[in-house]
Amino acid sequence: MRVQVKLKNIIEEMEIQFEESRSLLNIKTGEIVLVTSEDLRAAEDEKPFEHLPEWERENRMVAIDVVENFENYIELPTKYDVNEYEIMENFCLTLSEQRKQESLLRAIRGKGAFRRFKGKITDLGIEEQWYSYRDECFKQIAIEWCQENKIDFIE
């Protein structure tokens, strides 16, 4: 029997990713784990970790399991798979009101695009519209990832 994963859990992990970490799905248990590059390196080096605080020991145990049973894990879509800039740009193009569309497209040009975009959607009163659009995009990426990896999901 194949494991079932809640789509919501995959999406949440996609949203909270940070540098130097990986989110992985254990295809045997359905558990999603977050491991840091540091813990993975330490697990591969087999450094002792009994002296670490409990939470760090737990993280290291997860990393060791990932290293020793790598075939049981699949990496979730990374921030590179989720092109948030492209999502913002596509959202701009969905706006039917030309003035709003042009204003937002100008806001996302150059350095600081994310900050300006967030300010502009607030100014234009379309935050709710943006977050619904963004959520739907993340959901589609998660669904496609599940299908590509033959992962059963529940909504």
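These numbers were taken from a predicted model, which means no experiment stands behind them. The analysis underlying the following values was restricted to heavy atoms, covering all of them including side chains, and did not include hydrogens, waters or symmetry mates.
Atoms CG and CD1, from Asn9 and Ile32 in turn, are 5.0 Å apart once rounded to the nearest 0.5 Å. Taken from CG in Leu76 to CZ in Arg22, the straight-line distance is 11.0 Å, to the nearest 0.5 Å. Here Asp65 contributes atom CG and Asn26 contributes atom CG; the two are 6.5 Å apart, rounded to the nearest 0.5 Å. Here CG of Leu104 is found 11.5 Å from CD of Glu89. Values are rounded to the nearest 0.5 Å. Atoms CD1 and CG, on Ile151 and Leu25 in that order, are 5.0 Å from each other to the nearest 0.5 Å. How far CG of Asn149 is from CD of Glu75: 10.5 Å, rounded to the nearest 0.5 Å.
Of the possible donor and acceptor atoms, none in the side chain of Asn69 sits under 3.5 Å from a partner among the backbone N and O of Asn72. When atom types are taken as modelled, the side chain of Glu127 and the backbone of Thr122 share no donor-acceptor pair closer than 3.5 angstrom. Listed for the Gln17 side chain is a donor-acceptor partner under 3.5 Å among the backbone atoms of Lys79. A donor-acceptor pair under 3.5 Å is absent between the side-chain atoms of Ser132 and the main chain of Gln129, judged by distance alone. Judged purely by atom type and a 3.5 angstrom limit, Trp130 has no side-chain atom pairing as donor or acceptor with the backbone of Met88.
Every residue two or more places apart in sequence or in another chain was checked for a side-chain hydrogen bond (donor to acceptor under 3.5 Å, both in side chains) with Lys6, and none qualifies. Phe49 pairs by the ring-ring contact (aromatic ring centres under 6.0 Å, His included) definition with nothing, not counting sequence neighbours. Partners of Thr78 according to the side-chain hydrogen bond (donor to acceptor under 3.5 Å, both in side chains) rule, which considers only residues two or more places apart in sequence or in another chain, are Asp81. For the side-chain hydrogen bond (donor to acceptor under 3.5 Å, both in side chains) test, no residue two or more places apart in sequence or in another chain qualifies with Glu54.
Ile143 and Ile27 end up in the same hydrophobic cluster when Ile, Leu, Val, Met, Phe, Trp and Tyr side chains are linked at under 4.5 Å. Taking hydrophobic clusters as Ile, Leu, Val, Met, Phe, Trp and Tyr residues chained together by side-chain heavy-atom distances below 4.5 Å, Phe138 does not share a cluster with Leu34. Put simply, Ile121 and Leu93 are part of the same group of oily side chains (I, L, V, M, F, W, Y) that touch within less than 4.5 Å, one to the next.
For Glu13 against Ser23, the heavy-atom pair with the smallest separation is OE1-OG, 3.0 Å. Shortest non-hydrogen contact noted between Ala142 and Met14 is CB-SD, 4.0 Å. Across all non-hydrogen atoms, the minimal contact from Gly110 to Arg116 is O-NH2, 3.6 Å. Across Ile87 and Arg134, no two heavy atoms sit closer than the pair CG2-CA, 4.4 Å. Here the closest heavy-atom approach between residue Cys92 and residue Ile108 is recorded as SG-CD1, 4.2 Å. Taking all atoms of both residues into account, the shortest heavy-atom contact from Ser37 to Ser21 is OG-N, 4.2 Å.
The closest side-chain heavy-atom distance from Asp135 to Glu15 is below 4.5 Å.
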Handout entry: Worked verdict on Gln140 versus Glu144 for side-chain hydrogen bond (donor to acceptor under 3.5 Å, both in side chains)
Key = CA-CA 6 Å; Gln140 286 308 310; Glu144 288 170 17; over 6 Å; no
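Through chains of ILVMFWY side-chain contacts below 4.5 Å, Leu40 is grouped with Leu24, Val33, Val35, Val62, Val66, Val67, Phe70, Tyr73.
Sequence neighbours left out, the pairs with a member in residues 146-155 that pass salt bridge (Lys or Arg N to Asp or Glu O under 4.0 Å) are Arg2-Asp152, Lys139-Glu155.
Electrostatic pairing of Glu38 and Arg60 does not count as a salt bridge here, judged by no charged N lying under 4.0 Å from a carboxylate O.
Annotation for Glu128: atom CD does not count as buried by contact number, only 12 or fewer foreign heavy atoms lying within 6.0 Å.
By the 30° and 60° cut-offs, the orientation of the rings of Tyr85 relative to Phe114 is perpendicular.
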